[in-house]
Structure formats: structure tokens, C-alpha cells
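To start, the structure under review is shown below, and the notes come after it.
One-based numbering, in listed order, for ligands and for the atoms of each.
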Amino acid sequence: MNKEAKTKFEINPLLKQRWSPRAFSDKTVKKAQLQRLFEAARWSPSGMNEQPWRFIVGFKGDDTYHNIYESLVEFNRLWARFAPVLVVSLGKKVYTGKEEINPSYNYDVGQAVAHLTFQAMQEGLYIHQMGGFDPAQIVARFSVPAKYKPETVIAVGYPGESYMLHPNLKKLETAERERKNFNEIVFTGKFGEPLDIF
Ligand SMILES: Cc1cc2nc3c(=O)[nH]c(=O)nc-3n(C[C@H](O)[C@H](O)[C@H](O)COP(=O)(O)O)c2cc1C
């Protein structure tokens with residue numbers, strides 16, 4: 001399915017092609033591909049080079065996958081079961097060696113996942129991030145220490161066919177992708193004053 005971004009300006013083709021599918025094919029994700037995905041995440045920048053990101057990786061059929069899947073809200077269970085790999089991203093809330101909160105830990109984890117996403121596209125893989133899960137279940141099922149916060153669950157795989165999906169999801173899968181205009185997000189002078197280059 002072509003869900004390419006309808007950009008006003010030319011951007012990197014991988015970023016243009018990226019989207020978040022809910023239908024995944026049963027094609028296996030190779031170990032070497034995952035190595036590269038997490039290598040990309042590992043080299044992401046972070047505040048004070050704290051590298052607060054952590055990942056728990058489950059492969060369809062194993063206990064880790066089952067435990068991640070069980071933490072998902074009903075809506076996400078409808079489709080995430082197609083993904084061959086499910087990953088939990090977690091953030092370390094405090095700086096190492098101090099009890100002080102790291103104010104950029106969420107930001108840094110998100111950026112590492114963005115790097116992982118870009119590498120996934122390079123591999124022909126797509127990812128779909130989810131905030132719809134129960135973090136308490138992740139903490140309990142994986143004995144996550146208190147200093148860490150489960151951030152998202154990430155489905156990884158090759159895109160599948162939309163007919164696989166529940167009828168309500170099929171509509172979402174084929175819907176037009178939407179974005180805010182530049183004047184709502186890029187400012188100059190004062191907050192809210194659009195930068196006049198678009
Ligand atoms: C932090 C985060 C949480 C998300 N949570 C969910 C979710 O629980 N379920 C879902 O189906 N999609 C979820 N999404 C996917 C977004 O809905 C999707 O990225 C957005 O609609 C833009 O679509 P695109 O990624 O195809 O451009 C989430 C995305 C992010 C980044």
C-alpha cells in the first residue's frame with residue numbers, strides 16, 4: 001500500500017515512505033537486521049550522553065513476546081498480534097550515579113527510537129509505536145527496576161495486507177495521512193508567529 005507522505009518539499013525518501021502499519025506479514029525479521037536497528041538506536045545522541053534507553057525484545061512464539069502482548073490494550077491487541085517482533089522501550093529516569101532526575105530521558109528515548117525507525121526503513125522494515133499498554137504489567141512481568149519507565153511498545157515487521165485486519169482497522173490502514181501546516185508548528189519572533197519561508 002502506498003502511504004507515502006504528500007510532502008510540500010522534497011525529503012529523504014525513507015522518511016517520506018515511513019508510516020505506521022497495523023497489518024504485518026509473517027515474514028521473519030532477521031537477527032542481523034535487529035542488530036542494525038539497535039546499533040542505530042545506540043548511536044543516537046542524548047543529554048550528558050546518559051543513553052537512558054533500554055529495550056526488551058520479544059519474538060513471536062516466545063515468552064517475552066507473550067508478556068509484551070498481554071500488556072497491550074484491547075485495541076492494539078487486535079492488530080499487534082501480526083507483528084513478528086514486539087519491543088518495549090524503557091527510559092532510565094535518573095542520571096547514573098546520582099539520584100537526580102534526568103530531565104531529557106523521555107526525549108532521548110524517543111530520539112533513539114526515531115533512529116531505530118530510520119534504520120528499519122533502510123532494511124525494508126516498518127515499525128508501529130504504541131502508548132496503549134499497561135506499564136504496570138511490563139514492570140511486573142519483566143521485573144523492571146523502579147528507576148526505569150516503560151515508554152512504548154514497538155511492533156516491528158514487514159507490512160502485510162489490509163484485508164487481514166478487523167474492519168474498523170482496515171479503514172484506518174487505508175486512510176489519508178494528515179499533518180499540521182507549517183504555520184502551526186514553526187515560529188519566529190514570538191511563539192505562534194509563523195516563519196514565512198513555507
Ligand atoms: C508515542 C506514540 C504512541 C502511539 N500509540 C499508538 C497506539 O497505542 N496504538 C496505535 O494504533 N498507534 C499508536 N501510535 C501511532 C500513531 O497513531 C501514528 O504514528 C500517527 O497516527 C501518525 O501516523 P504515521 O506514523 O503513519 O505517520 C503511537 C505513536 C507514537 C509515536
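- Here is the list of ligand 1 atoms found below 4.0 Å of a heavy atom in S20: 19 (O), 24 (P), 25 (O), 26 (O).
- The residue V73 has no part lying near ligand 1, judged by heavy-atom distances below 4.0 Å.
- Between F187 and F191, the ring planes lie perpendicular to each other; the angle is over 60°, past the 30° to 60° tilted range.
- At a 4.0 Å cut-off, not a single heavy atom of F133 sits close enough to ligand 1 to count as contact.
- When ring centroids are compared, F182 and F198 come within the 6.0 Å threshold.
- Shown here, atom 16 (C) of ligand 1 is out of close reach of the protein: none of its heavy atoms lies under 4.0 Å off.
- The side-chain tip of K27 points at the ring of Y158 from less than 6.0 angstrom away and within 45° of straight on.
- Between T152 and ligand 1, a contact under 3.5 Å exists for no N or O pair.
- Looking at E100 and N102, their side chains never bring a donor and an acceptor atom within 3.5 Å of each other.
- For atom 3 (C) of ligand 1, the closest heavy atom belonging to the protein is G131 N, 3.3 Å.
- Atom 19 (O) of ligand 1 lies below 4.0 Å from at least one non-hydrogen atom of the protein.
- Within the set R22, R179, M130, Q129, the minimum heavy-atom distance to atom 11 (O) of ligand 1 is found for R22.
- Counted by atom type alone, Q119 and E123 present one or more donor-acceptor pairs between their side chains at under 3.5 Å.
- Put simply, atom 8 (O) of ligand 1 has protein non-hydrogen atoms near it, under 4.0 Å away.
- Shown in contact with F75 at under 4.0 Å from a heavy atom are these atoms of ligand 1, numbered in order with element: 11 (O).
- Ligand 1 has at least one atom lying under 4.0 Å from a heavy atom of H128.
- Residues passing the ring-ring contact (aromatic ring centres under 6.0 Å, His included) test with H128 are W79, sequence neighbours excluded.
- With no hydrogens or angles considered, no side-chain donor-acceptor pair links T174 and S162 at under 3.5 Å.
- Each of the atoms 24 (P), 26 (O), 27 (O) of ligand 1 lies under 4.0 Å from some heavy atom of R177.
- Of the candidates L90, L37, V87, V87 is the only one forming a side chain to side chain contact (heavy atoms under 4.5 Å, CB included) with F55.
- Close approach of ligand 1 to W19 is summarised as follows: ligand atoms under 4.0 Å from at least one heavy atom of the residue are 26 (O).
- Listed by number with element, the atoms of ligand 1 under 4.0 angstrom from any heavy atom of G132 are 8 (O).
- Under 3.5 Å, the side chains of T188 and E193 contain no donor-acceptor pair of N or O atoms.
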